[in-house]
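Heads up: the structure comes next, in structure tokens.
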2 protein chains.
Amino acid sequence: MKTNEYDTYSCPVGKTIGLISGRWKPIILYLIQHDINRFGLLQKRMPKISRKVLTEQLRDLENQGLIDREVRVSSYPQEVFYSLTEKGSSLRMLIDQIFNWGTVNILDEPSRKMAVDLLIDHH
Amino acid sequence: MKTNEYDTYSCPVGKTIGLISGRWKPIILYLIQHDINRFGLLQKRMPKISRKVLTEQLRDLENQGLIDREVRVSSYPQEVFYSLTEKGSSLRMLIDQIFNWGTVNILDEPSRKMAVDLLIDHH
DNA sequence: TCAAGAAGTTACCAAACAGTAACTACCAAT
DNA sequence: ATTGGTAGTTACTGTTTGGTAACTTCTTGA
């Protein structure tokens with residue numbers, strides 16, 4: 001057997017995790033998917049994020065082709081809308097699986113309930 | 001609808017990604033799963049990792065209950081064996097899905113071939 | 001008794017990442 | 001001309017993470 005050499009930086013797992021590493025990225029993708037799609041709305045849901053970091057993470061996600069950024073100049077004040085690209089949407093499905101694994105394997109029962117309560121559109 | 005507040009540090013996605021964030025953790029889990037289970041063997045497959053960092057990451061994985069560490073004093077020189085716990089093994093399955101997503105969505109064709117070549121036990 | 005192999009530990013340094021606070025740009029209504 | 005709202009940017013700081021190089025421990029065979 002060959003003794004192949006491994007390095008995260010050339011591995012699809014490392015690259016994929018790189019897309020969503022950054023303290024807020026999975027949440028941002030989640031919120032955008034659920035039409036919390038404006039800069040200010042995102043800030044309201046993540047009160048602990050700063051504008052600077054929110055901007056950075058949105059730019060990262062945009063550069064990686066996971067979200068689209070649309071400026072509407074028509075209205076006042078000028079508004080910016082974010083939406084998932086197809087790639088971003090397929091990544092969201094993967095993140096759902098991560099969510100499920102984590103919910104079962106890491107959280108205790110009270111946390112599990114809280115996590116489920118935070119899901120948008122669940123009844 | 002309540003305007004719930006979100007933070008990665010209390011989210012199962014963030015916690016799960018936290019388990020495998022660290023430049024080498026997905027690879028370490030992968031190699032241990034395939035019986036590359038000794039400190040020295042792991043180093044041979046990851047020539048760019050330092051002993052210090054390898055130790056750190058192994059300790060993290062152990063503390064999170066993803067791997068077991070067994071010291072065999074019987075033989076000479078003293079040997080340390082690592083193995084996946086059940087939890088570690090179930091996480092590996094999740095990592096496989098991340099691998100598949102990344103292979104399809106990030107890598108170009110030559111990288112895809114290389115990634116597949118690096119898989120252990122594939123034919 | 002000492003050399004050698006496995007598996008670390010320690011001290012120290014550099015880069016990446018996250019955070020705060022203050023400042024900017026644009027535009028429309030008054 | 002000034003205010004108010006959205007969406008940023010900039011300068012600066014602190015924390016976390018990863019990296020190098022040298023040192024340590026344990027053991028046994030020569």
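So you know, we letter chains A, B, ... as the sequences are listed, proteins then strands, and number each from 1. Quick caveat, the model's predicted, so the values are computed rather than measured.
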Between B/Tyr30 and B/Ile95, is there a donor-acceptor pair closer than 3.5 Å when you use the side chain of the first and the backbone of the second?
-> no
Option passing side-chain contact (heavy atoms from CB on, under 4.5 Å) with A/Val13 (candidates B/Ile98, B/Ile20, B/Thr103) = B/Ile98
d(NZ, A/Lys25; C1', C/dA16) in whole Å | 12 Å
Round to a whole Å and report the spacing from CG of A/Leu41 to P of D/dG8.
-> 13 Å
Over how many whole Å does the gap from A/Leu54 atom CG to C/dC17 atom P extend?
-> 17 Å
Can you tell me how far P of C/dA18 sits from CD1 of A/Ile27, to the nearest Å?
-> 13 Å
Under 4.0 Å between any heavy atoms, over every strand shown, what does A/Phe81 touch: base, sugar-phosphate, or nothing? Just pick one.
-> nothing
Between A/Arg72 and C/dC26, does any side-chain N or O lie under 4.0 Å from OP1 or OP2?
-> no
Quickly work out the A/Arg59 CZ to C/dC17 C1' distance and round it to whole Å.
-> 18 Å
Please check the phosphate of D/dA7 (OP1 and OP2 only) for any side-chain N or O of A/Arg38 closer than 4.0 Å.
-> yes
Under 4.0 Å between a Lys/Arg side-chain N and an Asp/Glu carboxylate O for A/Arg92 and A/Asp96?
-> yes
When you look at CD of A/Glu109, are more than 12 heavy atoms from neighbouring residues, nucleotides or ligands closer to it than 6.0 Å?
-> yes
Rounded interatomic separation in angstrom, taking CD from B/Gln43 and P from C/dT9 | 13 Å
Once base and sugar-phosphate atoms are separated, protein heavy atoms under 4.0 Å mark nucleotides 14-27 of chain D, 5' to 3', with B, S and - as ----BBB-B----B
Side-chain donor-acceptor pairs under 3.5 Å in residues 56-66 of chain A, sequence neighbours left out?
| from | atom 1 | to | atom 2 | distance (Å) |
| --- | --- | --- | --- | --- |
| A/Gln57 | OE1 | A/Trp24 | N | 3.4 |
| A/Asp60 | OD2 | A/Lys25 | NZ | 3.2 |
| A/Asn63 | ND2 | A/Arg59 | O | 3.2 |

Distance, rounded to the nearest Å, where A/Arg69 contributes CZ and D/dT6 contributes C1' | 11 Å
Determine the minimum heavy-atom distance between B/Tyr82 and B/Leu42, stating which atoms define it.
-> CD1-CD1, 4.5 Å
Donor-acceptor contact below 3.5 Å, side chain A/Arg72 vs main chain A/Glu79 | no
B/Glu79 CD to C/dG5 C1', straight-line distance once rounded to whole Å = 11 Å
